[in-house]
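Each remark here refers to the structure printed beneath this line.
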Amino acid sequence: MEKIKMTTPVVEMDGDEMTRILWKMIKDELILPFVDLKSEYYDLGLPNRDKTADQVTIDSANAALKYGVAVKCATITPNAKRMDEYHLHKMWKSPNGTIRSIMDGTVFRAPITIPSIHPVVKNWEKPITIARHAYGDVYKSVELYADEPGTAKIVFQGKSGAVKEAVIHDFQGPGVIQGMHNTEKSIRSFAHSCFKFAVDTKQDLWFATKDTISKTYDAKFREIFEEVYEKEYKETFEKLGITYFYTLIDDAVARVIRSKGGFIWACKNYDGDVMSDMLSTAFGSLAMMTSVLVSPDGKYEYEAAHGTVTRHYYRYLKGEETSTNPMATIFAWSGALRKRGEMDNLDALVNFGNQLEGACFDTLNEGIATKDLVGLMEGVEAKQVNSKEFIAAIRERLEKRLA
């Protein structure tokens, strides 16, 4: 079979640990035999990030803005333990945080659902999409350790010379301090991305923060969303018969649990991080959660919502067999290639993305699954396989679909 041709490269961001191993397996078995892959490659593995002083992460994000479509493997955000393990020069920031800041987009995360796995929440009938703000908050915070009694202040000095300041806390002993920020530009981009996605997918949009406590920071999010909706999207929403509403984050959690699903839940950066993990687990597995970063001007970066699967990687290094679920990483590739095909008017590439996902569903619907899913399946005779066998089974069904 002749390989599918590409005209514009996708930006390929390689990663760390077990997901890096799966990345190569997916490329070798499910992409390269069928697609004449054009990619601009960036190694975001932690050793190379350290070697390049994290410049490789910045370069990859700028390449995503240049070419419009990127696909990313899971990466390590180092802590003190990782500093020692990898002999790092510096505790580098989250690569995802850096990329999100440069692309200034919104992360949309949705579970991959199959008939044999029922959500833990029995009344959920449709997937719930998390729209996660992709800039600022704790991911761009500045932190200090106060090692003695003293006064902590927050100070803003305007270019006009005007100064605003407020006391954070009068410390009587040691403590910790954190300063967070966001920008009206980024919040406004977040709002537009959420409303546009709701219109495109014809789904209701819910937005939640804690403005009763955060009367300036969170309240500004609420005010901008209301303003953008009223001025630019209300009429379209009403024509489509979809709704937008704001509620407190704790009220939203209760509403989500009682709902039937089938809507978009917009969250601030940290809320979206936590709630997407909760949703993916409730729908079945963290490895069954797709994630796409969409910039305000329509640039896309696809990735899995989960981490690098460290525990399995250490077993892999010992030569032990692992049954790691590659579904979300496969869907990152299928999503990126389909979007590249849509942008370049390459129907064959769009079809390949669809068929790759179809082959994944064929495999799971026959009961062939990794360890994390086998115990959740109902109504099929589930068979546990290792990662290599799972990918091989998908390839077999993909070949039949493309024949």
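Nothing here was measured: the structure is a model prediction, and the numbers come from that model.
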*Verify salt bridge (charged side-chain N to carboxylate O under 4.0 Å, His left out) between Glu29 and Lys388, making sure each step is shown before the conclusion.*
CA-CA 10 Å; Glu29 293 296 319; Lys388 187 176 181 180; over 6 Å; no
*List the steps and the verdict of side chain to side chain contact (heavy atoms under 4.5 Å, CB included) for Met343 and Thr8.*
CA-CA 9 Å; Met343 287 184 169; Thr8 311; over 6 Å; no
*Checking ring pair (Phe, Tyr, Trp, His ring centres under 6.0 Å) for the pair Phe108/Phe197: CA distance, chi angles, key distance, verdict?*
CA-CA 9 Å; Phe108 294 95; Phe197 196 81; 4.0 Å; yes
*Does the salt bridge (charged side-chain N to carboxylate O under 4.0 Å, His left out) test come out yes or no for Glu366 and Arg397, once each step is laid out?*
CA-CA 11 Å; Glu366 290 175 39; Arg397 285 148 187 81; 2.9 Å; yes
*Step by step, work out the side chain to side chain donor-acceptor pair (under 3.5 Å) result for Asp344 and Thr7.*
CA-CA 7 Å; Asp344 295 346; Thr7 54; 3.2 Å; yes
*asked:* Checking Arg49 against Thr98 for the side chain to side chain donor-acceptor pair (under 3.5 Å) test, could you report, in this order, the C-alpha distance in whole Å, the side-chain angles of both residues, the deciding distance, and whether it holds?
replied: CA-CA 12 Å; Arg49 276 184 277 143; Thr98 299; over 6 Å; no
*asked:* salt bridge (charged side-chain N to carboxylate O under 4.0 Å, His left out), that's the test. Do Glu125 and Lys260 meet it? Break it down for me.
replied: CA-CA 5 Å; Glu125 298 173 359; Lys260 293 185 182 296; 3.6 Å; yes
*asked:* Run the side chain to side chain contact (heavy atoms under 4.5 Å, CB included) test on Ser60 and Ile99 for me, step by step, so that the C-alpha distance in whole Å, both residues' side-chain angles and the decisive distance to 0.1 Å come before the verdict.
replied: CA-CA 8 Å; Ser60 71; Ile99 293 165; 4.2 Å; yes
*Go through the steps for Asp218 and Lys210 under the test salt bridge (charged side-chain N to carboxylate O under 4.0 Å, His left out), then give the verdict.*
CA-CA 6 Å; Asp218 281 22; Lys210 193 69 172 177; over 6 Å; no
*Check the pair Asn182 / Asp137 against side chain to side chain contact (heavy atoms under 4.5 Å, CB included), numbers first and verdict last.*
CA-CA 6 Å; Asn182 226 292; Asp137 300 349; 2.9 Å; yes
*Going through the checks in order, is the side chain to side chain contact (heavy atoms under 4.5 Å, CB included) test met by Ser116 and Glu378?*
CA-CA 5 Å; Ser116 60; Glu378 299 176 15; 5.6 Å; no
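Counting heavy-atom neighbours within 6.0 Å of Tyr217 OH, excluding the residue itself, gives a total above 12. Summarising the local packing, CD of Glu235 is surrounded by 12 or fewer heavy atoms from other residues, nucleotides or ligands at distances under 6.0 Å. The environment of Ile154 atom CD1 is sparse: at most 12 non-hydrogen atoms of other residues, nucleotides or ligands sit within 6.0 angstrom. The number of heavy-atom neighbours closer than 6.0 Å to NZ of Lys27, taken from other residues, nucleotides and ligands shown, is above 12. Within a 6.0 Å radius of CD in Glu2, no more than 12 heavy atoms belonging to other residues, nucleotides or ligands are found.
Contact annotation: the side chain of Pro326 never approaches that of Met25 to less than 4.5 Å [non-hydrogen atoms, C-beta and beyond]. Two residues are said to be in side-chain contact when any heavy atoms from C-beta on lie closer than 4.5 Å; Leu279 and Ile130 meet this criterion. Counting heavy atoms from C-beta on, the side chains of Val228 and Cys194 never come closer than 4.5 Å. With a 4.5 Å cut-off on side-chain heavy atoms, Glu342 and Lys339 count as touching. Counting heavy atoms from C-beta outward, Lys164 and Val155 have side chains that stay 4.5 Å or more apart. The side-chain heavy atoms of His192 and Arg188, taken from C-beta on, include a pair separated by under 4.5 Å.
Under 4.0 Å is where a charged nitrogen must lie from a carboxylate oxygen, and between Lys81 and Glu85 no such pair does. A salt bridge between Asp362 and Arg401 is present, with a side-chain N of the basic residue lying under 4.0 Å from a carboxylate O of the acidic one. For the pair Glu165 and Lys153, the salt-bridge criterion is met [side-chain N within less than 4.0 Å of a carboxylate O]. A salt bridge is absent between Glu17 and Arg20: the closest approach of a Lys/Arg side-chain nitrogen to an acidic carboxylate oxygen does not fall below 4.0 angstrom. At a threshold of 4.0 Å, the pair Asp251-Arg255 counts as salt-bridged, since one of the basic side-chain nitrogens sits closer than that to a carboxylate oxygen. Electrostatic pairing of Asp211 and Arg222 counts as a salt bridge here, judged by a charged N lying under 4.0 Å from a carboxylate O.
Note: Phe207 and Phe245 fail the aromatic proximity criterion, with ring centroids not under 6.0 Å apart. Ring to ring, Tyr244 and Phe195 are close: their centroids are under 6.0 angstrom apart.
In terms of heavy atoms, Asp372 sits closest to Ala287 at OD2-CB, 4.0 Å. Closest non-hydrogen pair, Asp297 versus Ser295, comes out as OD1-OG, 2.5 Å. Heavy atoms only, all atoms of each residue included: Trp124 and Ala282 are closest at CZ3-CB, 3.5 Å. The minimum heavy-atom distance between Ala152 and Ile177, with the atom names listed, is CB-CD1, 3.7 Å. Closest non-hydrogen pair, Pro111 versus Met289, comes out as N-SD, 3.5 Å. Summarising the geometry of Leu337 relative to Leu37, their closest heavy-atom pair is CD2-CD1, 4.2 Å, with the distance given to 0.1 Å.
Relative orientation of the Phe237 and Tyr233 rings is perpendicular, given thresholds of 30° and 60° on the angle between their planes.
Both tests hold for Lys268 against Phe221: distance to the six-membered ring centre under 6.0 Å, angle to the ring axis within 45°. For the pair Arg132 and Tyr139, the cation-pi criterion (under 6.0 Å, within 45° of the ring axis) is fulfilled.
Judged by distance alone, with hydrogens and angles left aside, the side-chain atoms of Ser323 form a donor-acceptor pair with the main-chain N or O of Val385 at under 3.5 Å. Within the 3.5 Å criterion, the main-chain N or O of Thr370 finds no donor-acceptor partner in the side chain of Asn325. Under the 3.5 Å distance criterion, the side-chain polar atoms of Asp16 are matched with a main-chain donor or acceptor of Ile76.
Between the side chains of Asp277 and Ser280, not a single donor N or O lies within less than 3.5 Å of an accepting N or O.
Annotation: salt bridge (Lys or Arg N to Asp or Glu O under 4.0 Å) contacts involving residues 90-119, sequence neighbours excluded, comprise Arg100-Glu303, Asp104-Lys185.
Not counting sequence neighbours, Trp92 has no partner by the ring-ring contact (aromatic ring centres under 6.0 Å, His included) test.
Note that the CZ atom of Arg315 and the CD atom of Glu321 stand 8.5 Å from one another [nearest 0.5 Å]. Residue His133 holds its NE2 atom at 8.5 Å from OH of Tyr135, rounded to the nearest 0.5 Å.
Applying side chain to side chain contact (heavy atoms under 4.5 Å, CB included) to Trp333 and the options Glu357, Glu12, Arg338 leaves one that passes, Glu12. Of the listed residues (Leu356, Val292, Ile112), just one forms a side chain to side chain contact (heavy atoms under 4.5 Å, CB included) with Phe331, and that residue is Ile112. Exactly one residue among Met6, Arg340, Lys3 makes a side chain to side chain contact (heavy atoms under 4.5 Å, CB included) with Val35. That residue is Met6.
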